[in-house]
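One structure is given here, and the rest of the page talks about it.
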Amino acid sequence: MPTTAGSTPPLSDRILMGPGPCNPYPEAVAALGRPMLGHLDPDFLAILDETNDRLRQVWQTKNRLTFPVSATGSAGMEICLVNVIEPGDPVVIGVNGVFGGRMVDVAERCGAEVIPVEAEWGQPIDPSQLLEAHPNPKLIGVVHAETSTGARTDLAELGANKGDALLLADCVTSLGGIPVEIDNWGVDLAYSGTQKCLGVAPGLAPVTVSDRARSFIVERPRSWYLDLNLISNYVDGEGARAYHHTAPISMIFSLHAGLGALLDEGLEAAWARHEACGQRLREGLVELGFTLFAAEDHRLPQLTTVEVPDGVDEAAIRSSLLRDYGIEIGGGLGAYAGKVWRIGCMGHTARLRNVELLLAALKNLL
Ligand code: PLP
């Protein structure tokens, strides 16, 4: 059907510039079609081991317990909390958007006594407020890259001053797009998702757990599926690998290939590509008269938030972008629904040509 832009682009050409999923790397897509193997087949286990090695490189950690949980990023959040938190444990959590709020909810369901430390949406969390919120917390949890606002909260100062607390970082939107230094920064537990800057389909939650955090794992976590005592035999068994659940084989093939593409490019080159896209997008949006939303020194290159100008029908613009140009961008969440757009440049989508196309399309539509 003819449209203002000519014709509706086919679905296979969709440019995914929302907050996630992004377009996966072609290598990750191709790997989904690899012949199926059994979950205890030695050839599959070799690929799982190599995937975990690749994850260690991307997380910049030596943590032995590093693997993809068989579920989305939220399961990464749950596995990190349900294994170490016991009822009554004091837990400090930074809340500056939707995902910090979700972390509070999960921690409360584990029975934690949660002390939330809030910051305005779009602002980072002040590390000193997190460190001063409780004299002896069991865990401090924070979202490194808050996808609802596009703001980065820095982790190094927290890791350096956490004392006896465990430091938990949500790296769903950061891993692969900006530096994440688990060991250097002293992060004890971290989780991500495959669908963002790792450039793979949604469905797995890479996690990494330090040896110190492993010593906190409770004997009988309140989840069977996410019990690290049971899972670690399967994902990390040396020699005797025991069945725990049937691993999502094709997704692990895909993650293995996506991480291969990322590491072939090089982490620094991939971060620089994300940075260049974020910078050009911000510049172009400002040239078009937009106001950027997130705090200036804490803007994520992979997720730009921008205020919708007064009088603009934001849903109509997003719909035209999708129908006429085949470009998806995201709307705001919570109090910012209808007020901001969230524009992702993640994984394989983070290409300057996609940024230029979006800017040209926005210029036409406005
Ligand atoms: N944490 C952050 C920062 C996220 O952006 C998301 C998803 O967008 C999640 C957690 C939850 O991940 P999932 O939707 O894959 O379960």
Side-chain angles (χ1 to χ4, degrees), residues 16-24 28 55 59 67-82 93-107 109 116 119 121-125 141-155 167-178 180 187 189-208 223 225-226 248 251-252 254-255 258 274 278 293-294 298-305 328-334 336-337 340-347 349-350:
L16 297 175
M17 300 187 81
C22 67
N23 298 100
L55 283 173
W59 282 117
F67 70 100
V69 178
S70 304
T72 66
S74 304
M77 187 186 285
E78 293 223 23
I79 204 167
C80 289
L81 287 164
V82 79
I93 296 180
V95 183
N96 58 345
V98 166
F99 295 101
R102 186 176 297 184
M103 203 189 275
V104 169
D105 192 359
V106 174
R109 287 169 194 232
W121 282 38
Q123 299 298 314
I125 312 270
V142 74
V143 180
H144 187 207
E146 187 36 92
T147 324
S148 56
T149 69
R152 184 195 75 244
T153 289
D154 294 322
L155 302 173
L167 177 59
L168 164 64
D170 175 320
C171 299
V172 171
T173 285
S174 55
L175 192 66
I178 53 174
V180 174
V187 177
L189 299 130
Y191 57 90
S192 188
T194 38
Q195 72 270 29
K196 308 219 186 211
C197 301
L198 295 179
V200 180
L204 295 174
V207 298
T208 187
S223 165
Y225 192 69
L226 298 176
M251 273 305 298
I252 290 171
S254 186
L255 176 60
H274 284 84
F293 177 71
H298 293 263
R299 289 180 185 144
L300 296 167
Q302 66 272 47
L303 203 269
T304 297
T305 43
E328 177 190 277
I329 65 167
L333 294 178
Y336 292 92
V340 302
W341 284 325
R342 295 179 302 145
I343 306 175
C345 276
M346 302 183 190
T349 308

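Along the sequence shown, the residues carry numbers beginning at 1. When a ligand or atom number is given, it counts from 1 through the structure's own listing order. These numbers come from the heavy atoms of this one structure, side chains and all, not from hydrogens, waters or symmetry mates.
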Distance only, no hydrogens: is a donor on one side chain within 3.5 Å (strictly under) of an acceptor on the other, for Thr149 and Thr305?
no

Go through the side-chain N and O atoms of Arg152 and Ser174 and say whether any donor and acceptor fall under 3.5 Å apart.
no

List ligand 1 atoms under 4.0 Å from [X], heavy atoms only on the residue side.
X: Arg102; value: 11 (C)
X: Ser74; value: 11 (C), 12 (O), 13 (P), 16 (O)
X: Gly73; value: 12 (O), 13 (P), 15 (O), 16 (O)
X: Ala145; value: 3 (C)
X: Thr173; value: 5 (O)

For Thr72 and ligand 1, does the shortest N/O to N/O distance drop below 3.5 Å?
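Min N/O separation from ligand 1 is below 3.5 Å for Thr72.
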
Backbone N or O of Ala28 within a donor-acceptor pair of the Ser254 side chain at under 3.5 Å?
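Checking the backbone N and O of Ala28 against the side chain of Ser254, a donor-acceptor pair under 3.5 Å is found.
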
Judged by non-hydrogen atoms, does Lys196 sit under 4.0 Å from ligand 1?
yes

Could you tell me whether ligand 1 has any atom less than 4.0 Å away from a heavy atom of Gly97?
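No, Gly97 has no heavy atoms under 4.0 Å from ligand 1.
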
Quick one: look up the protein heavy atom nearest [atom] and list residue, atom name and how far away it is.
atom: atom 6 (C) of ligand 1; answer: Phe99 CE2, 3.3 Å
atom: atom 1 (N) of ligand 1; answer: Asp170 OD2, 2.6 Å
atom: atom 5 (O) of ligand 1; answer: Thr147 OG1, 2.4 Å

Going from [atom1] on [X] to [atom2] on [Y], what distance comes out if it is rounded to the nearest 0.5 angstrom?
X: Cys197; Y: Met346; atom1: SG; atom2: CE; result: 5.5 Å
X: Arg342; Y: Ile329; atom1: CZ; atom2: CD1; result: 10.5 Å
X: Leu168; Y: Leu189; atom1: CG; atom2: CG; result: 6.0 Å
X: Trp341; Y: Phe293; atom1: CH2; atom2: CZ; result: 15.0 Å

Counting heavy atoms under 4.0 Å, the part of Glu146 that contacts ligand 1 is neither

Give the minimum heavy-atom separation between Leu55 and Pro206, together with the two atoms involved.
CD2-CB, 3.7 Å

